[in-house]
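Some notes on the structure that comes next.
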Amino acid sequence: MSQLSQFCRTLSSIAASQNIRFLVVAKGNKEWALEVSDAFYLIYPNRLFCGEPLQSENPSIPFKKAKQWLGRECQMLTVNGHRGVDAQALGALSGTVVGGGILLLLLPNDWFEQCDSNFDRRLCQLLQQPGVIMLEAGAALPPLPRSHETDIIKPSHGGVADPQSASTCGAPLRFGAVTSCQVGAVEAVRRVVTGHRKRPLVLTADRGRGKSAALGLAAASLLAEREIKIVVTAPSYLASQTVFRHVAEQFGLEFTDQKRLEVGKGSIVFVAPDVLLSELPSADFVMVDEAAAIPAPVLTALLGEFNRIAFSSTVHGYEGTGRGFAVKFRQQLDTVMPQWRAFEMQQAIRWADHDPLEKWIFNALLLDAEVSCEGLDPKTADYELLDKAQLLDSPNLLSSLFGLLINAHYQTSPADLVNLLDDDSLHIWVCRNSDRVLGCCLIVDEGGFTDELARQIQLGTRRPRGHLLAQSLAAHVGILEAAVQHSGRVLRIAVHPDFQQQGIGQKLLACVRQWGQARYDFLGTSFGYVPELLNFWRRAGYQAVRLGLQKDASSGYPSLLCVQPLGHSSRQWFPKARVFFSAGLLANACEAFSDMPAAELLPLLVDALSCQGGGAPLASDWVDEQLSIYCQGGLGYELVLPALQQYLLQRLANAERPSELATFSLPVAKVIQRQSWHQIVQCYQLAGRKEAEQRLRAVIRADIQKNFIARSES
């Protein structure tokens, strides 16, 4: 047996004896990567490979598809970093490695000497710290980590149990749990059903703690002892699959990804969040798994509809963090159901506590970055634009900044960390005391397109990646100049929760405005609309120019686009954008926005009517401009509705012969009478909404062309 093979076997024995996982780096060429991989392959039969395969015949997972493997388990994960290390994939798949396993990271010989990004330079530093096993081609093997005796009890699932999880005689734990912490979680879930009504539970845990399993074990125990209908909801069935698998196992059933199980004295069924709210099925108990990934308005609505409900969320995860969810949702619970309960699972199950791989991943991707009050004083804080090198040179500053972003928004993920360090188009303004951040504002460069590309964006034939603000103004408002000019979009703004409502956010935006004068033609932002946020942005000088037609998937609210002109060029088109916003909001209030609560619509209506020209008919040249874009395939029914309505009424008023009116039947039915698309499809015997919209556009296009020809001949 070679020295390398012996080393790998001993290392795996140490990992197995302590039920921990190691990060192993194979630094060298492809041949060395294959040699190290083969040595470990003989030890671990259950393996995953992520990245470009070393050999074409070997199965591998592309970095972009790593998310599909969440919830699975392996003994060995190999990540090929020869063409770069993908932070999202690394964070996603590291949690699939069970105790006793390894994560093998393959890196080329010159990677440490030629890191070409700040994120890679940071990884380079972290990979050379104690705890990382470095296997370098042509170099001596490193010393093995010490093997310590442990009293950890290994359960049959291959995970690790709490040393206090079983009695001295080895009696199994209640409910089929693996740790005493999981027993406590199951009991907390059960109390939602067995205790008083309107006392919801918030169950939180890091990955690998058995949170979803606890939900499944609690459900199984309830189904075994009482007649009960349990509904499980989550962002997707895949996210809650573990719940159903544990229920099936407790009843000795074969699990084949069933979304409904009739077991014991009742049933458990998966229902998507939107369906759950729209259909309101009968349910004695509702479990909401991965609640942080469900829009807050949906969670609040569920609270109002179901008296016995439990929410669970991952605290630190590659997809984003549950910290922001926990802070904001708990505030809501304090108001709506003040007797709610919380339970946090801390004991690991799939690996031992203080696991080396988990510690390294959390540090490398800052998944556990937190906000702290230590050393913070707004009176002595400095407001400044950070350089990327400052973040790389000061780990505490980077951690404080990222912790603030994590606390403010649940979707903050490793990809955001990469962007903070490497994206040259992303700029970071902070309010800070030394390396402690009280507030931050992230701004991204947008626009600057050529006239030709801007025109294609306006007509909907091109959608370059990114540039949300510039593209929306061109494609949804019809302002071509906004895509040609240079703009700065405020991507995120966050203030430490203990120092909010003290003017820090407004002062940050004032700094951004002053700094942006020499850089941008205008500033803008997009956020899930709630009246409080509109007031905040208006105080900073931003005004609404577009309300999204659909609810944002992450916030649950329609997106509101706001703009602040900085120079003469943007002030030329800004009044037109405001009038289009006003006209569009008024025209769509009884159709696209009819479901919005009146209390939320009112502030928008007041704002829309306050702009100069708001509520008045559109200028004829503006109508012609919008209809020209519409006839060429741009905009859309809701976006061009004010211009369509005005054009049709004028055409009907000026029609000289009754025969001219025959072609306007469908446009009148839709634009003037506001019949639903379903009615239009039925009445005109069309295939669906898409064909109905095409027919409407064709009628308007033909009429405009006919009038143009008639005017030319006269």
Side chains of [X] and [Y]: donor-acceptor distance under 3.5 Å anywhere?
{"X": "Gln543", "Y": "Arg578", "value": "yes"}
{"X": "Tyr520", "Y": "Ser570", "value": "no"}
{"X": "Glu290", "Y": "Ser240", "value": "no"}
{"X": "Gln646", "Y": "Arg651", "value": "no"}

Give a yes or no on whether the ring-centroid distance for [X] and [Y] is below 6.0 angstrom.
{"X": "Phe449", "Y": "His467", "answer": "yes"}
{"X": "Trp515", "Y": "Tyr383", "answer": "no"}
{"X": "Phe270", "Y": "Tyr237", "answer": "yes"}

[X] to [Y] - nearest heavy-atom pair and separation:
{"X": "Leu509", "Y": "Cys441", "answer": "CD2-SG, 4.0 Å"}
{"X": "Gln485", "Y": "Ser569", "answer": "NE2-O, 3.4 Å"}
{"X": "Leu508", "Y": "Gly439", "answer": "CD1-C, 3.7 Å"}

Within the structure provided, determine whether Gln506 and Arg539 are in side-chain contact (heavy-atom separation under 4.5 Å).
yes
With a 4.0 Å cut-off on N to O distance, would you call Glu693 and Arg697 a salt bridge?
no
Under a 4.0 Å N-O cut-off, is there an ion pair linking Asp595 with Lys551?
no
Show your reasoning for whether salt bridge (charged side-chain N to carboxylate O under 4.0 Å, His left out) applies to Asp445 and Arg489.
CA-CA 7 Å; Asp445 298 336; Arg489 176 164 63 94; over 6 Å; no
Out of Val640, Leu652, Asp703, which one pairs with Tyr647 under the side-chain contact (heavy atoms from CB on, under 4.5 Å) rule?
Asp703
Among Gln679, His678, Gln673, which one satisfies side chain to side chain donor-acceptor pair (under 3.5 Å) with Gln675?
Gln673
Quick check on Gln517: does its CD atom have over 12 non-hydrogen neighbours (other residues, nucleotides or ligands) under 6.0 Å away?
yes
